[in-house]
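We use all heavy atoms of the structure for the numbers below, so side chains are in, but hydrogens, waters and symmetry mates are not.
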Amino acid sequence: MNNPPDQSPAETSAKSLNRQILALALPAFGALISEPIFILADTSIVGHLGTKQLAGLSVASTVVQTVIGLMIFLSYSTTPAVARFFGARNLKAAYEKGRDGLWVALGIGIVLAVAGAVLAPTVLGHMGAQGETLDHAVAYMRWSMPGLPGMLIVLAALGILRGLQDTRTPLYVASVGAGVNIVLNLILVFLLDLGVAGSAIGTSLVQWGMAAIYLRMIMGGSREHGISWRTTSRRIGEILSVGSWLMLRTASMRAAMLLTVFVVTHQGPVNLAGYQLTMSLFGFMAFGLDALAIAAQALLGKEMGSRDLTLDSEKQHVRGLMNRLIRWSLGFGVITGLICPILGYGFGWAFTPDPQVQHLFAIAMIVVAIGQPLASYVFILDGVLIGAQDVKYLALASFVCLVVYSPLLWWILVVSGDQGDGVDRWGFVCIWLAYALGFMGLRGITLGWRSRSDVWIRA
């Protein structure tokens with residue numbers, strides 16, 4: 001683990017600050033790129049089984065990722081809290097906060113795994129999956145549930161390490177995990193002929209392997225600082241209190257995604273398969289953009305923990321760090337936007353042999369490319385406000401964006417209608433215009449307005 005620095009980022013030169021941002025963001029970028037490879041690998045492997053299998057994966061993975069996304073508070077509530085203690089040179093308190101997060105992760109993971117296995121057919125049926133698509137979706141979701149507690153432990157562990165300014169370890173663990181996942185899934189899906197279920201089994205096994213590595217590391221650090229693994233209901237309550245606001249924030253964003261999938265499902269399996277490919281790559285890019293947001297959480301948490309934020313001069317240092325992060329993120333968004341059309345028109349064949357799905361994927365990636373600078377602005381401000389623990393505003397702002405976005409989806413649903421097994425190219429384009437530009441634009445307005453004030457900069 002890293003030791004607390006002698007001086008905060010704002011006290012260093014601009015060149016040194018850039019190095020600190022890169023030192024956190026580049027490994028985080030690698031780790032976040034590695035983790036979406038789990039989904040991309042599943043998508044590519046299952047895509048070669050058939051369109052119905054890919055459509056089933058699309059619905060099921062959306063539900064699973066929604067559950068995991070709602071639990072992201074296990075990382076996002078821990079990172080800034082641990083980082084503040086780190087900046088204040090109180091590593092004992094930092095590890096105690098991390099321990100509490102791990103207990104919450106394990107408890108919630110067990111409950112959700114049981115509920116998910118039992119309710120899979122009902123949930124996926126309400127998502128619009130039918131017939132063979134529903135069968136494949138249920139298989140994927142049920143075999144993903146044993147790995148869910150491990151996935152949530154990984155989230156909590158990531159928050160601890162990021163708060164301690166360590167983004168290199170997650171890079172190594174995620175990279176190895178992604179590689180093992182690909183090999184294991186190929187064996188389970190094709191060699192052992194387990195189909196869609198084999199893909200989920202392989203991912204579950206790898207997630208538990210990653211969790212075991214993180215737990216061994218964190219337990220070692222806890223022993224060094226004399227930390228007991230017993231916790232209290234009050235400490236658990238503190239995690240859940242912050243987590244409830246972060247969960248509302250994430251629930252609003254995930255609800256927007258789920259409603260989007262619901263509309264695409266009614267456009268038919270070809271549109272749904274195209275959406276799965278596009279969202280997989282959109283997520284790939286978004287996680288890359290999120291690397292700087294993670295750097296913002298860790299650096300701002302540490303900065304705010306080491307300063308007297310009752311003084312205006314100290315607040316200016318924090319704001320200067322935010323402005324630097326925004327510039328970095330916008331530049332990165334332009335780069336990812338340039339990459340999107342290349343992926344859309346050059347690599348559709350790698351995910352599916354269906355030419356109709358390839359065509360939809362290519363068109364959608366143009367829209368995604370246009371929205372990448374906007375997405376980068378949204379992601380970095382999200383990270384800034386999480387790092388400042390301004391979670392109540394984030395939650396309420398995200399909910400308002402969902403309320404405004406929902407009628408737009410309803411209009412697209414009415415115009416598109418139920419396409420059966422056909423292709424609705426115009427409806428598909430409308431979906432991505434609404435999500436990549438409409439929903440992200442709403443979030444950019446609400447977060448940008450908040451960042452202009454000093455309300456979020458508080459001790």
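- The backbone N or O of Gly333 sits less than 3.5 Å from a side-chain atom of Thr336, completing a donor-acceptor pair.
- The closest side-chain heavy-atom distance from Ile153 to Trp208 is below 4.5 Å.
- Shortest non-hydrogen contact noted between Ala251 and Leu70 is CA-CD2, 3.1 Å.
- The 12-atom threshold is exceeded at NE2 of His48, counting heavy atoms of other residues, nucleotides or ligands nearer than 6.0 Å.
- With contacts defined as side-chain heavy-atom distances shorter than 4.5 Å, the pair Phe73/Thr250 does not qualify.
- The aromatic rings of Tyr435 and Trp432 sit perpendicular, their planes meeting at an angle over 60°, well past the 30° parallel limit.
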Legend entry - Val154 vs Val173, side-chain contact (heavy atoms from CB on, under 4.5 Å): CA-CA, chis, key distance, verdict: CA-CA 10 Å; Val154 168; Val173 174; over 6 Å; no
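- Around the OH atom of Tyr345, the shell of radius 6.0 Å holds more than 12 heavy atoms that belong to other residues, nucleotides or ligands.
- The salt bridge (Lys or Arg N to Asp or Glu O under 4.0 Å) contacts involving residues 129-148 comprise nothing, where partners must be two or more places apart or lie in separate chains.
- For the 3.5 Å distance criterion, the side chains of Tyr405 and Thr260 qualify, holding a donor opposite an acceptor.
- Checked against side-chain hydrogen bond (donor to acceptor under 3.5 Å, both in side chains), Arg254 has no partners two or more places apart in sequence or in another chain.
- Within 6.0 Å of CH2 on Trp103 lie no more than 12 heavy atoms contributed by other residues, nucleotides or ligands.
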Inset, instruction - With side-chain contact (heavy atoms from CB on, under 4.5 Å) as the test, would you mind laying out the steps for Gln267 and Ile431 before giving the verdict? - result: CA-CA 11 Å; Gln267 293 177 355; Ile431 279 291; 3.9 Å; yes
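- Of all heavy-atom pairs spanning Leu49 and Val196, the tightest one is CD1-N, 4.1 Å.
- Formation of a donor-acceptor pair under 3.5 Å by the Ser204 side chain with backbone atoms of Ala200 is found in this model.
- Taking OG1 of Thr133 as the start and CG of Leu124 as the end, the distance is 11.0 Å to the nearest 0.5 Å.
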Inset, instruction - Tell me, with the steps shown, if Gln65 and Met257 meet side-chain contact (heavy atoms from CB on, under 4.5 Å). - result: CA-CA 10 Å; Gln65 291 303 311; Met257 188 177 295; over 6 Å; no
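- Shown here for Val64 and Ser144, the closest heavy-atom pair between the two residues is CG2-CB, 4.2 Å.
- To the nearest 0.5 angstrom, Leu442 atom CG is 5.0 Å from Cys401 atom SG.
- Taking 4.5 Å as the limit, some side-chain heavy atom of Val403 sits within range of a side-chain heavy atom of Phe399.
- Counting only distance, with no hydrogens or angles, the side chain of Ser453 and the backbone of Trp449 share no donor-acceptor pair below 3.5 Å.
- Proximity of a side-chain donor or acceptor of Ser241 to a complementary backbone N or O of Glu238 within less than 3.5 Å is not detected.
- With rounding to the nearest 0.5 angstrom, the CG atom of Leu164 is 6.5 Å from the CZ atom of Phe86.
- Inter-residue side-chain proximity for Tyr214 and Ile160 is flagged as unmet; no heavy-atom pair is nearer than 4.5 Å.
- A distance-only check finds a donor-acceptor pair linking the side chain of Gln165 to the backbone of Gly163 [under 3.5 Å].
- Contact of the Arg162 side chain with the Thr167 side chain is registered, since non-hydrogen atoms from C-beta on lie closer than 4.5 Å.
- Leu381 and Ser451 get closest at one heavy-atom pair: CD2-CB, 3.8 Å.
- Within the 4.5 Å cutoff, side-chain heavy atoms of Leu186 are placed close to those of Ile45.
- Between atom CG of residue Asp100 and atom CG of residue Leu74 there is a gap of 12.0 Å, rounded to the nearest 0.5 Å.
- The structure places CD1 of Ile72 at 9.0 Å from CE of Met253, a figure rounded to the nearest 0.5 Å.
- Of all heavy-atom pairs spanning Val378 and Leu447, the tightest one is O-CD1, 3.6 Å.
- Distance check, rounded to the nearest 0.5 Å: CE of Met71 to CG of Leu155 gives 9.5 Å.
- Distance alone, capped at 3.5 Å, places no donor-acceptor pair between the Ser77 side chain and the Leu240 backbone.
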Inset, instruction - Give the C-alpha distance, both sets of side-chain angles, the deciding distance and a yes or no for ring-ring contact (aromatic ring centres under 6.0 Å, His included) between Tyr140 and His136. - result: CA-CA 6 Å; Tyr140 185 86; His136 293 306; over 10 Å; no
Legend entry - CA sep, side-chain torsions, deciding dist, call: Leu385, Tyr393, side-chain contact (heavy atoms from CB on, under 4.5 Å): CA-CA 9 Å; Leu385 296 183; Tyr393 178 83; 4.3 Å; yes
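- The closest side-chain heavy-atom distance from Gln276 to Ser61 is below 4.5 Å.
- Met365 approaches Gly344 most closely through the heavy-atom pair CG-CA, 3.7 Å.
- With Ser329 contributing its side chain and Ser376 its backbone, the two residues share a donor-acceptor pair below 3.5 Å.
- The shortest side-chain heavy-atom distance between Phe262 and Leu413 falls under the 4.5 Å cut-off.
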